[in-house]
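Heads up, the thing below is written out as structure tokens.
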Amino acid sequence: MSGLTAHFLFGANSSRNSPQFGRFFGPARVKSREASGGKPLVLRRLVTMAVRLDEIRMAAQRVAASHGLDVVDLEFTGSAKERILRVFLEKNAEGRARLRADIAAGTEGLPERLIEGTLSPEQLSGITHEDCADFSRDFGVLLDVEELVPGAEYTLEASSPGLDRKLTRPEDFRRFRGSLVKIQTFEPIRNNRHWQGRLVEVSNSGPGTPGSELDSGTGETSITLDLAAVKQNSKSRKAGVSTVEIALSNIEKAQLVPEI
């Protein structure tokens, strides 16, 4: 595979705070002011690269499905000389169902916290080093054949999403109802944009915000957090409430909080 190095990572991933350049890789298409008859510069890079990242995501999901996996998230980060394409994977619904069956059957070799019930099967990706290696091999070939990542060398990393995984889709919130979550909103709620609590409800309160990334189109437009589940920061305490309702369309970032 030309220009590709494969890495396999497991556990919580600190790269979440790195700058994301998924929209910017590849050659920019710039029309100069002179060439456009004195009109303002036209930059097509943003639109072109956003579409290409969607193509990469769909290709990754095709390969993942062939290995019994799902793509949780995908990001393209780094500088022009150190580009990294990260794909976060987990076992698909059937794989997670088998894990629950193994727990019920008392299968040996399972993590102790799963047996004790202090860790949910939904919180584990269930993937192995072999899963990552097989996916990276096939996905790397597809990336090269379809030329989805143009330009110089890059590194492909296949990883589990970690116990602090991001929540990006309405179905994520339904799936992890009952878990501790950390939320950052676009607009303040009671003068606070940062909330942490137990996700106790995903409500059907309205049609949602058209075009919002978290609008499911089914009316599931808000979540409710139980703030008593964790120690709150000063702004949260000043709000004087025990629960907070947050519209999905107002969520900028959301992730699980590991309970260890």
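Only this structure's heavy atoms are used, side chains among them; waters, hydrogens and symmetry mates stay out.
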Note to self: I'd like to check Arg83 versus Val149 (side-chain heavy atoms, cut-off strictly below 4.5 Å). Are they in contact?
What the structure shows: yes

Margin query: For Ala158 versus Phe135, what's the shortest heavy-atom pair and its separation?
Written below: CB-CD2, 4.2 Å

Checklist line | Hydrophobic cluster identity match, Leu156 and Met58, side-chain contacts under 4.5 Å | finding: no

Item checked: Heavy-atom side-chain proximity of Asp131 to His67 below 4.5 angstrom -> no

Check: Would you say Val244 and Ile183 make side-chain contact, with heavy atoms under 4.5 Å?
Finding: no

Margin query: Once side-chain hydrogen bond (donor to acceptor under 3.5 Å, both in side chains) is applied, do any residues pair with Gln184, and if so which ones, sequence neighbours excluded?
Written below: Glu252

Check: Do you know the tightest heavy-atom contact between Leu142 and Ala59?
Finding: CD2-CB, 3.7 Å

Next item on the list: Output all residues satisfying side chain to side chain contact (heavy atoms under 4.5 Å, CB included) with Glu94, sequence neighbours left out; order by chain, then residue number.
Entry: Asn92, Arg98

Item checked: Gly178 backbone acceptor or donor facing Arg198 side chain under 3.5 Å -> yes

Notebook entry, point to check: Taking the side chain as C-beta and beyond, is there a heavy-atom pair between Leu227 and Thr243 under 4.5 Å?
Noted result: no

Margin query: With a 3.5 Å distance limit and no angle check, can you tell me whether Arg96 reaches the backbone of Lys91 through a side-chain donor-acceptor pair?
Written below: yes

Next item on the list: Look at the side chain of Arg193 and the backbone N and O of Pro188, then say whether any donor-acceptor pair between them is shorter than 3.5 Å.
Entry: no

Item checked: Pairwise distance CD(Glu201) to CG(Asp226) - rounded to 0.5 angstrom -> 11.5 Å

Next item on the list: Locate the shortest heavy-atom distance separating Asp70 from Ala93; write the atom from each residue and the value.
Entry: OD2-N, 4.1 Å

Next item on the list: With sequence neighbours left out, write down each residue that passes side-chain hydrogen bond (donor to acceptor under 3.5 Å, both in side chains) with Arg190, or none if nothing qualifies.
Entry: none

Margin query: Are Leu225 and Val241 linked, directly or through intermediate hydrophobic residues, by side-chain heavy-atom contacts shorter than 4.5 Å (ILVMFWY only)?
Written below: yes

Notebook entry, point to check: Any side-chain heavy atom of Arg177 within less than 4.5 Å of one from Glu122?
Noted result: no

Notebook entry, point to check: Any idea which heavy atoms bring Tyr154 and Leu85 closest together, and the distance?
Noted result: CD1-CB, 4.4 Å

Checklist line | Distance (rounded to the nearest 0.5 Å) between Ile189 CD1 and Ile246 CD1 | finding: 4.5 Å

Next item on the list: To the nearest 0.5 Å, tell me how far Arg62 CZ sits from Arg57 CZ.
Entry: 14.0 Å

Checklist line | Minimum side-chain heavy-atom gap Leu248-Thr221 below 4.5 Å | finding: no

Check: Can you find a side-chain donor-acceptor pair between Arg86 and Ser159 that sits under 3.5 Å?
Finding: no

Note to self: Applying salt bridge (Lys or Arg N to Asp or Glu O under 4.0 Å) to Asp134 and Arg137, what does each step give before you reach the verdict?
What the structure shows: CA-CA 5 Å; Asp134 292 342; Arg137 181 192 63 241; 3.2 Å; yes

Note to self: Holding to side chain to side chain contact (heavy atoms under 4.5 Å, CB included), I want the full list of residues that pass it with Ser236, two or more places apart in sequence or in another chain.
What the structure shows: Asn192, Trp195, Gln232, Asn233

Margin query: Ignoring hydrogens, what is the shortest heavy-atom contact between Pro161 and Phe88? Give both atom names and the distance.
Written below: CA-CD2, 4.0 Å

Notebook entry, point to check: With no hydrogens and no angle check, is any side-chain donor or acceptor of Asp144 less than 3.5 Å from a backbone partner on Val141?
Noted result: no

Note to self: So, taking the atom named NE2 in His194 and the one named NZ in Lys182, what distance separates them when rounded to the nearest 0.5 Å?
What the structure shows: 10.0 Å

Note to self: Between Ser136 and Ala133 (side chain of the first, backbone of the second, donor and acceptor by atom type, cut-off under 3.5 Å), is there such a pair?
What the structure shows: no

Notebook entry, point to check: So if you build clusters from Ile, Leu, Val, Met, Phe, Trp, Tyr with side-chain heavy-atom gaps below 4.5 Å, do Leu74 and Leu89 land together?
Noted result: yes

Check: Which pair of non-hydrogen atoms, one from Ile127 and one from Cys132, has the smallest distance, and what is that distance?
Finding: CD1-SG, 3.6 Å

Next item on the list: Return the set of residues passing side chain to side chain contact (heavy atoms under 4.5 Å, CB included) with Thr107 (not counting sequence neighbours), or none when no residue passes.
Entry: Asp102, Ala105, Leu110

Check: So how far is it from Arg52 CZ to Glu55 CD, rounded to the nearest 0.5 Å?
Finding: 5.0 Å

Note to self: Between Phe176 and Val181, is there a side-chain heavy-atom distance shorter than 4.5 Å?
What the structure shows: no

Item checked: Test side chain to side chain contact (heavy atoms under 4.5 Å, CB included) applied to Pro258 - qualifying residues, sequence neighbours left out -> Leu163, Asp164, Ile260

Notebook entry, point to check: Mind checking whether Val87 and Leu148 sit in one hydrophobic cluster, side chains of I, L, V, M, F, W, Y counted as touching below 4.5 Å?
Noted result: yes

Check: Val257, Leu167: one ILVMFWY side-chain cluster at the under-4.5 Å cut-off?
Finding: no

Check: Would one find more than 12 heavy atoms of other residues, nucleotides or ligands at under 6.0 Å from atom CD of Glu82?
Finding: no

Next item on the list: Determine whether Thr168 and Val72 make a side-chain contact, defined as any pair of heavy atoms from C-beta on separated by less than 4.5 Å.
Entry: no

Check: Roughly how far apart are Glu259 CD and Ser179 OG, rounded to 0.5 Å?
Finding: 6.5 Å

